[in-house]
Amino acid sequence: MARLITSPVSFPLQCGSLEIGEERQRRVAMMESLCQVNGTKSNGGKGGNENNTTTNSSNNNNNNNADCPDPQQRLAVLSFEQVRRLNDVMNEVVSIHGRGNFPTLEVRLRDLVTVVRSKLETDPSNGGAGMRVRDIRLNGGAASHVLATESQPYNDLDLIFAVELSSGRNYDKVKAAVLGSLFDLLPEGVSRKRITTCSLKEAYVSKMVKVNNDGDRWSLISLGNSRGHRNVELKFVDSMRRQFEFSVDSFQIVLDSLLLFYECSKLPIGENFYPTVVGESVYGDFQEALYHLHKKLISTRHPEEIRGGGLLKYCNLLVKMYKPSQPDYIKTLERYMCSRFFIDFPDISQQRAKLENYLWNHFVGPEEEALKYQYLMLLHSVVEESTVCLMGHERRQTLALIENLAYQVFCQEQQQRLTNHQQAPTGPPATYVYANGYYYAPVIPTACYTCTCNSWMACSS
């Protein structure tokens, strides 16, 4: 069996302390007291026996999850079926929709990755960024789709480019490389004379995030503006303290060997000829995380370190029929999630904006839209039962906000059902049946109404 292999190079992952402002100290103190009461930090898994174990990684301090006893447990080699699904994803044609008169860019994902990497690594004298890309990884829902035995839907295509971001200048280089890639991908016939990098950003970039503080150096550029279509999330990472929320979304697939296979081989991927592709679970234990994915189980570690505590994602998993891997411990995890959510979003206006944005981005399509009301009811229940860091009036405010959003969603659903019912066809046109020399006319039902001829009128005196 002819196989290619590239050893993955991991970039630094270090858990850091929670950094917050002075005005939020009361909620932090509440959460710290909660940690003392429970006597342990949150963890997840089937056995629950990894609480006191640590990991010493010799590869770039890649120790985001110190609970995993063996660094090799983080890695696994993909099977042929998984490589085949990965190949299908990489050959998928993505549509990057542009605003205004800018055309939609139709490009295979593998070609987009190649173009962006080339722009990053090309010498500055030739229009590139002159940066070294350590590795490229597929992350998020697409990686879970590749590894799962059953089909897993995914909304976005998340790609991670491991690069050095030690200076602010490198962030600008990354941005210029992405915009230069979009310029090169414009279809033939488009006049490029008056197109600037600023206009390309306004046309094709929906979100840009830059993070540069202790332990976190990364940036995100999201391509695509059309709701209901898969956006491409390009993440450029030097170091990141937290790369996952739950074990089921902790997978990263190293693409370097597959991209090398595309360059070197003229033969298609087959059962007896395919590259060796390595996957990693930044949750810690690859097989345990894969078990959670197959069995639809919810597990995480240190939810107080997640931005927003993972509360909204946790309720999203619940509404999609996921179950806690440790039911006896889930209430403790819920308290951590709620505490961190209200630390990050202390104001009711911030909570409203976050909830509305989450509903807009994560409930797309008829099937997802139908889950909105149930999702909000689950969120209301979790907040009501597990919030311990809010004062009474703050808690009531948040619950009222969730109730109002649920009421709005319910009214919209009822209105949509009524509209669909009124627009539904009444049935096929009536036809006559001829038999034994007679024409038989179909029975046409008449509209039912209530007779009011004998009803009494109300007294007006």
Within the supplied structure, the quantity of interest is the number of heavy atoms (other residues, nucleotides, ligands) at a distance under 6.0 Å from Lys175 NZ; does it exceed 12? no
Can Glu280 and Arg74 be counted as an ion pair, charged N to O under 4.0 angstrom? yes
Check whether any side-chain heavy atom of Leu138 sits under 4.5 Å from a side-chain heavy atom of Gln252, and report yes or no. no
Asp238 side chain vs Leu165 backbone, donor-acceptor pair below 3.5 Å: yes
Distance (rounded to the nearest 0.5 Å) between Asn316 CG and Leu379 CG: 10.5 Å
Do Arg117 and Phe161 form a cation-pi contact, if we require the NZ or CZ to be under 6.0 Å from the six-membered ring centre and within 45 degrees of the ring's axis? no
Indicate the atoms forming the closest heavy-atom contact of Tyr373 with Ala406, along with that distance. CD1-O, 3.4 Å
CE-CG distance between Met90 and Leu109, expressed to the nearest 0.5 angstrom: 4.5 Å
Heavy-atom side-chain proximity of Val178 to Val205 below 4.5 angstrom: no
Contact check, side chains of Ile160 and Trp218, non-hydrogen atoms, under 4.5 Å: no
Tell me if a side-chain donor or acceptor on Ser118 pairs with a main-chain N or O of Thr114 at a distance below 3.5 Å. no
Between Asn87 and Asn91: side-chain donor-acceptor atoms closer than 3.5 Å: yes
May I ask you to check if Arg242 and Phe244 form a cation-pi contact, with NZ or CZ under 6.0 angstrom from the six-membered ring centre and within 45° of the axis? yes
Given the rule in the side chain to side chain contact (heavy atoms under 4.5 Å, CB included) test, do Ser257 and Val278 qualify, once you have shown the distances and angles that lead to the verdict? CA-CA 9 Å; Ser257 60; Val278 176; over 6 Å; no
Any side-chain heavy-atom pair of Leu259 and Ile136 under 4.5 Å: yes
Between the main-chain N or O of Tyr283 and the side-chain N or O of Ser247, is there a donor-acceptor pair closer than 3.5 Å? no
Look at the side chain of Glu384 and the backbone N and O of Ser381, then say whether any donor-acceptor pair between them is shorter than 3.5 Å. no
Closer than 3.5 angstrom, by distance alone: can the side chain of Ser95 be matched with the main-chain N or O of His97 as a donor-acceptor pair? no
Any chance the side chains of Gln326 and Ser299 put a donor and an acceptor closer than 3.5 Å? no
Measure across Ile96 and Leu112 and return the closest heavy-atom pair with its distance rounded to 0.1 Å. CD1-CD2, 4.4 Å
Heavy-atom distance under 4.5 Å between the side chains of Arg134 and Val163, does that happen here? no
Using only atom types and a distance under 3.5 Å, with no angle test, would you say the side chain of Ser386 pairs donor to acceptor with the backbone of Glu334? no
Any idea how Tyr314 and Phe246 line up, ring-wise: parallel (<30°), tilted (30 to 60°), or perpendicular (>60°)? parallel
May I ask you to decide if Asn357's main-chain N or O and Asn361's side chain share a donor-acceptor pair within less than 3.5 Å? yes
Is any side-chain heavy atom of Leu297 closer than 4.5 Å to one of Tyr322? no
Which of parallel (below 30°), tilted (30 to 60°) and perpendicular (above 60°) describes Tyr375 and Phe363? tilted
Show, in sequence, the C-alpha distance, side-chain angles and deciding distance for Glu233 and Leu157, and conclude whether the side chain to side chain contact (heavy atoms under 4.5 Å, CB included) test is met. CA-CA 6 Å; Glu233 305 273 353; Leu157 292 162; over 6 Å; no
For the pair Lys331 and Glu385, find out whether any cationic side-chain nitrogen is under 4.0 Å from an anionic carboxylate oxygen. yes
Around Glu367, counting heavy atoms of other residues, nucleotides and ligands shown, do more than 12 lie under 6.0 Å from its CD? no
Ser206 and Ser222 side chains, donor-acceptor separation under 3.5 Å: yes
If every non-hydrogen atom of Leu293 is compared with every non-hydrogen atom of Ala148, which pair is closest and at what distance? CD2-CB, 3.9 Å
Is a donor from one side chain sitting under 3.5 angstrom from an acceptor on the other, for Gln412 and Glu369? no
Would you call Asp256 and Arg137 a salt bridge, using N to O less than 4.0 angstrom? no
Nearest heavy-atom contact between Asn213 and Arg217 is O-CG, 4.4 Å
In this structure, are over 12 heavy atoms from other groups packed under 6.0 Å from Asn126 atom CG? yes
Ring pair (Phe, Tyr, Trp, His ring centres under 6.0 Å) assessment of Phe261 paired with Tyr274: CA-CA 8 Å; Phe261 181 89; Tyr274 63 93; 8.7 Å; no
Using a 4.5 Å cut-off on heavy atoms from C-beta on, say whether the side chain of Leu355 contacts that of Arg352. no
Shortest non-hydrogen contact from Met240 toward Asp216: CA-OD1, 3.3 Å
Any side-chain heavy atom of Phe102 sitting closer than 4.5 Å to one from Ile195? yes
Would you give the length of the straight line joining atom NE2 of His380 to atom CG of Leu401, rounded to the nearest 0.5 angstrom? 10.0 Å
So, are Arg230 and Glu92 salt-bridged, with charged N and O less than 4.0 Å apart? yes
Please identify each residue that fulfils salt bridge (charged side-chain N to carboxylate O under 4.0 Å, His left out) with Glu81, with sequence neighbours left out. Arg84
Let me see the working for Lys173 and Met131 under side chain to side chain contact (heavy atoms under 4.5 Å, CB included), right down to the final yes or no. CA-CA 8 Å; Lys173 289 181 179 180; Met131 303 175 69; 3.9 Å; yes
Could you check Leu290 against Phe251 for side chain to side chain contact (heavy atoms under 4.5 Å, CB included), going step by step and ending with a plain yes or no? CA-CA 9 Å; Leu290 192 62; Phe251 298 105; 4.3 Å; yes
What's the separation between atom OH in Tyr336 and atom CD in Glu305, rounded to the nearest 0.5 Å? 11.0 Å
Please collect all side-chain hydrogen bond (donor to acceptor under 3.5 Å, both in side chains) contacts where either partner lies in residues 179-196, sequence neighbours excluded, each pair once. Lys119-Asp184, Thr196-Ser199
Between Lys320 and Leu371, is there a donor-acceptor pair closer than 3.5 Å when you use the side chain of the first and the backbone of the second? no
Intermediate values then yes/no, side chain to side chain donor-acceptor pair (under 3.5 Å), Thr398 and Gln351: CA-CA 8 Å; Thr398 302; Gln351 296 168 19; 2.8 Å; yes
Contact summary for Ile306 and Arg340, nearest pair of heavy atoms: O-CG, 3.1 Å
Judged by atom type as modelled, is there a donor-acceptor pair below 3.5 Å linking the side chain of Asp285 to the main-chain atoms of Gln287? yes
State whether a side-chain donor-acceptor pair under 3.5 Å links Ser144 with Gln152. no
Rounding to 0.5 Å, atoms OG (Ser281) and CG (Leu75) come to a distance of 9.5 Å
Kindly indicate whether a cation-pi arrangement holds for Lys354 with Phe345, taking the cut-offs as under 6.0 Å to the six-membered ring centre and within 45° of the axis. no
In this structure, CD of Glu304 is separated from CZ of Arg335 (nearest 0.5 Å) by 14.0 Å
Check for me whether Arg99 meets the cation-pi criterion with Tyr204, that is, NZ or CZ under 6.0 Å from the six-membered ring centre and within 45 degrees of the ring axis. no
